[in-house]
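Notes follow once the structure below has been shown.
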Amino acid sequence: MARRYWLFKSEPSAYSLDDLRNEPGQRACWDGVRNYQARNLMRDEMKVGDRLLFYHSAIKVPAAVGTAEIVREAYPDHTQFDPRSPYYDARSSPDQPRWLMVDIRFLTAFAEPVSLPQIRRLPELSSMLLLKKGCRLSLQPVEPEAWKIILDLGRGKK
DNA sequence: GCCAACGTTGGC
DNA sequence: GCCAACGTTGGC
C-alpha cells in the first residue's frame, strides 16, 4: 500500500514541532485526541511509514511548519485512564478503551513555514480539508499532490 | 477577545 | 430519536 499523508494540528503553546524535535528519539505519542472521526482515522487508516504535516493552529499566522512520520499504529491512549489528566474519560476503561493514539517521529522543519493564507491563495490547494469552512478536524488526510506542493513551498522554492 | 461552526450531551 | 443547550475549536 502506498504511503499516505496527513495533517496534524497542534497549538504550539501546548505542543510545538520544536517540542517534538526535542523529545528523546525525537518521537512522541499523540495523546489527547477526543474526537471520534479523528480517532477512527488513526484506528483505520494510519500506518507506520505514513507522513504528516505538522500544523500550528490558533496563532496569529497558522502554518504548516514541518513534517513527521507515523512510527507506531493506533493503541490505547493512556491519558483516558488517568483521573489527573485533562484528557481523563470516566466512561473509558482499560478493557474497553475508547480513545487511541499513534506515535510520531520528527522528520523535518521547513525552511519557510507554509502559512494558511499562502495555502489559501493557491488554486491547486483549494480542495484541502484544512480550508473547508468550519473544519475543526485535528487530524486529516492530505492528498499526495497537495503534500508535494506544500513540501516544495516549505523548502523555500517559489 | 470575539464568535461562527461544529460535536456532544442529556432531558424529554 | 429529537433537539436545545453547552463546550470547544480555531480563524480572524
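Not measured: the values here are computed from a predicted model. Note on naming: letters A, B, ... go to the chains in the order of the sequence lines (proteins, then strands), and numbering restarts at 1 for each one.
A/L131 approaches A/S126 most closely through the heavy-atom pair CD1-CA, 3.9 Å. The shortest heavy-atom contact between A/A28 and A/Y15 is CB-OH, 3.4 Å.
In this structure, A/K60 reaches neither bases nor backbone, as no heavy-atom distance under 4.0 Å exists between it and the strands shown. If you check every strand for non-hydrogen atoms under 4.0 Å, A/R120 touches sugar and phosphate atoms only. A/I59 comes within 4.0 angstrom of nothing in the nucleic acid, heavy atoms only.
Rounded to the nearest 0.5 Å, atoms CG (A/L100) and CG (A/D44) are 9.0 Å apart.
Between A/W6 and A/F54, the ring center distance fails the sub-6.0 Å criterion.
A/D77 pairs with exactly one of A/R39, A/R34, A/R98, A/R43 by the salt bridge (Lys or Arg N to Asp or Glu O under 4.0 Å) rule, that one being A/R34.
You can see that DNA chain C meets the heavy atoms of chain A within a 4.0 Å-exclusive cut from C/dG7 to C/dC12, reading 5' to 3'.
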